[in-house]
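Remarks on the structure that follows.
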Amino acid sequence: MTKNVRVRFAPSPTGPLHIGGVRTALFNYLFAKKHHGTFVLRIEDTDRSRYVKGAENYIVESLNWCGIPFDEGPGKNEKFGPYRQSARKELYKQYADALIASGHAYYAFDTPESLDAHRKDHESKGKTFIYNWHNRLKLVNSLTLSPKETQDRLEAREHYVVRFKSPKNKTLTLKDLIRGDIKIDSNILDDKILFKSDGMPTYHLANVVDDHFMEITHVIRGEEWLPSLALHYLLYDAFSWDVPHFAHLPLILKPTGKGKLSKRDGDKLNFPVFPIEWEDPKTHEVSRGYKEDGYFSEAVVNFLAFLGWNPGTEQEIFSLEELVEAFDLKRVNKAGARFDPDKIKWFNHHYMQQQSNAVLAESFKSQYDVLNDIDINYIALVVGLVKERATFISDFWDLSFYFFQAPKQYDEKAVKKAFKEDTPGVMTQLLDLISAIDEYTSKNLQITIKSWITSNEMGFGKIMMPLRLALVGALQGPDVFEIMFLIGKTETVSRIKTMINKLK
Ligand code: GLU
C-alpha cells in the first residue's frame, strides 16, 4: 500500500450506537492499525431533524470502552477538521455550486405535491416514476426553465433542491474489496438530491466531499450503503477526484439467521444490542448495554470481530493486538453474519478466567454491601475458587455466598442424599477430629480427614457429602478442604454443629 491508510467511522448522532455500528468501527480500527494508518471519527449530523442530544458523546464513550479510540476527530488532532458536518456547511455549498456550474447537477423546484401527483399518475398506468433522464425534462428545474426564470425563483427564495444529473446509457463498474466488481446500468439511477435550500447537503454530497478532503483511502461501512455506491462513484468522477477503495461489510442477522438484527430481537431474547447503557433524553427509556450487563470489553470486541470475519484457522480467542495482526479485508464474508448472544457469553466466560482475582474481587465487592467489611484479599481467594463457573461478576454471589455467611437452609434433595440416620454420629466424631487439628491448612485437612475415613473404612461419600452440605447448604462448590480452610476452624465447627442440630 503506497499511500498512508486513512479510514473513517462516520456515524450519524441519531441515537445510541447499535452494536452493528460498533462492528463497523472495529473493522475500520483494525484495518487502520494493521496498516499503521489513521482512524478518523466524523460526525454526520446534517440531518438536524434526527439529531439527538448526547448521541455523539455516547459514540465516543462506546469506542473508548471498547478500547478502539479514534486518532482524529472532534476535539482531537483536528488536522482536517472540523469533524462535524454541521460545521462544514460552506464547503458543501461550494461543491454543490461547482457541480451545477459543470453541468453535473441542477436546481429542481418541484413541490412534494406535484411529485406525488406524478408518482400516482405513473402508478395508475402500471409504471414507476423515477426522477432521472426519463422525466427530468418534463419537470420544473433549471434544465427546463430559462436561466432568467431559474434566477428569479432562487432570488424569490423559493424552495429548491439540487439534484445530481445521472448519466444515460452508461455501464458503471464499481469495485468493492469484499464483493469484487459490481456492474450497474446508469439508466436505473435516479437524480438523487445533493443539497437543499435550507443550506444543508444530503448524506451523499457531504460524505463524498468529506472523504475527499479528509484524504480517506478506504471506505469501510455497512452493506446498507451499497446502493449508494454508484452515485458516489459518479460524484468522484464529476469532481475528477480519485475514488477511494470501498468495502461493504455484511449485514448482522437476527439469532435465527433470518432478517436484520434489531433492538426488538434483543428485547425479545433478553440481550442488549448496544455497547453501553443509553437513556433516551426525551422519553427517558433506558436501553441496556453490554458494559452494564457485565460483559468485558475484550469479550465484546472478540465476538464482534467474528461477525463477518474469520482468521481462516480454528483460533477463536484473539486479543485486540492479535486481531490487528490477523485482520484482513480479504477474509470478510459477503453473506450476512448471524448474531449469537450465547457465543458472546462464551467469550465472556473465557475473558473472566483471564482477569486477575484481585480485579474481579474489587468489582464483586463494589456490587454487594454485605462485602463492605470483608478483606479484599479474602474475596480474591474466594473468587479464584469459583470463577471457573462464572460468566459474569453477578454470578459470584450465588456461587460463593457461603464463604461469607453460613447457609440459611439446606437443599432438600441434597439432604435426602447426604444426611442419613448415622450422620449425626459420624459428624460428631469428625468434629472432634477437626477440633484437634493444629495445622489448619487445606492440605493438612485433606490428609487428616482422608486417612481417618480410610482407617475407619467408612466410605468417602458418607463423610464428604454431609460435610459439604454443612458448609455450603448444598452438594456443590469447589474443593471442600479449600472451603474449610478459607472460612476457618471456628466457622467450620459451628456449621457442622448447626447442621447436626437442625437436621437430626
Ligand atoms: N452517516 C452514515 C451512517 O450513519 C455513514 C455511512 C458511511 O459510512 O458512508 O452510517
Side-chain angles (χ1 to χ4, degrees), residues 5-32 38-52 54-60 62-63 68 70 72-74 80 82-89 92 164 174-179 182 192-195 200-236 241 243-252 260-263 273-275 278 304 307-308 329 332:
V5 163
R6 291 177 56 81
V7 298
R8 83 310 191 265
F9 177 50
S12 300
T14 54
L17 184 60
H18 185 278
I19 198 77
V22 185
R23 195 270 314 253
T24 301
L26 174 64
F27 283 24
N28 273 282
Y29 175 92
L30 295 177
F31 186 79
T38 306
F39 174 44
V40 177
L41 175 68
R42 181 171 73 227
I43 300 295
E44 302 210 326
D45 58 349
T46 53
D47 187 350
R48 300 312 281 178
S49 66
R50 294 184 59 216
Y51 179 83
V52 172
E56 180 183 325
N57 235 339
Y58 179 94
I59 290 163
V60 174
S62 301
L63 298 183
I68 54 170
F70 59 90
E72 251 173 52
F80 295 90
Y83 290 84
R84 284 185 202 96
Q85 290 188 327
S86 56
R88 301 168 67 85
K89 272 160 62 176
Y92 310 128
F164 187 73
L174 316 177
K175 293 191 180 302
D176 184 279
L177 293 173
I178 296 167
R179 286 144 218 279
I182 305 162
K192 279 270 184 306
I193 297 174
L194 301 177
F195 197 84
M200 278 296 194
T202 59
Y203 156 73
H204 304 292
L205 178 66
N207 192 269
V208 165
V209 166
D210 285 348
D211 283 345
H212 174 72
F213 285 104
M214 293 181 178
E215 299 187 4
I216 298 304
T217 56
H218 295 74
V219 172
I220 304 170
R221 60 185 173 194
E223 179 178 325
E224 60 273 30
W225 302 103
L226 197 55
S228 304
L229 187 57
L231 171 63
H232 295 184
Y233 256 75
L234 291 168
L235 282 168
Y236 282 103
W241 291 340
V243 183
H245 298 283
F246 285 95
H248 289 84
L249 306 177
L251 290 179
I252 296 181
K260 232 172 114 171
L261 177 74
S262 73
K263 176 162 165 5
V273 296
F274 300 114
W278 165 260
L304 290 179
L307 282 184
L329 282 174
V332 174

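Start at 1 with the first residue, then count along the sequence. Both counts, for ligands and for their atoms, begin at 1 and track the order of listing.
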Which pairs of N or O atoms, one from ligand 1 and one from the protein, are separated by less than 3.5 Å, and what is the distance for each pair?
| residue | atom | partner | partner atom | Å |
| --- | --- | --- | --- | --- |
| ligand 1 | 1 (N) | Ala10 | O | 2.8 |
| ligand 1 | 1 (N) | Ser12 | OG | 3.1 |
| ligand 1 | 1 (N) | Glu44 | OE1 | 2.6 |
| ligand 1 | 4 (O) | Ser12 | N | 3.4 |
| ligand 1 | 4 (O) | Ser12 | OG | 3.2 |
| ligand 1 | 8 (O) | Arg8 | NH1 | 2.7 |
| ligand 1 | 8 (O) | Arg8 | NH2 | 3.4 |
| ligand 1 | 9 (O) | Arg8 | NH2 | 2.9 |
| ligand 1 | 9 (O) | Tyr203 | OH | 2.7 |
| ligand 1 | 9 (O) | Asn207 | ND2 | 3.1 |
| ligand 1 | 9 (O) | Arg221 | NH1 | 2.9 |
| ligand 1 | 10 (O) | Trp225 | NE1 | 3.4 |

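- Of the charged side-chain nitrogens involved, none lies within less than 4.0 Å of a carboxylate oxygen, so that Glu44 and Arg84 do not count as a salt-bridged pair.
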Which is it for Arg42 and Asp210 under the side chain to side chain contact (heavy atoms under 4.5 Å, CB included) test, yes or no, and what are the steps along the way?
CA-CA 9 Å; Arg42 181 171 73 227; Asp210 285 348; 3.4 Å; yes
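- Within the 4.5 Å cutoff, no side-chain heavy atoms of Phe70 are placed close to those of Tyr83.
- His232 is linked by a side chain to side chain donor-acceptor pair (under 3.5 Å) to His204, Arg221, counting only residues two or more places apart in sequence or in another chain.
- In summary, Glu223 and Lys260 do not engage in a salt bridge, as defined by a charged side-chain N under 4.0 Å from a carboxylate O.
- Judged purely by distance below 3.5 Å, without hydrogens or angles, the side chains of Tyr203 and Asp47 never pair a donor atom with an acceptor atom.
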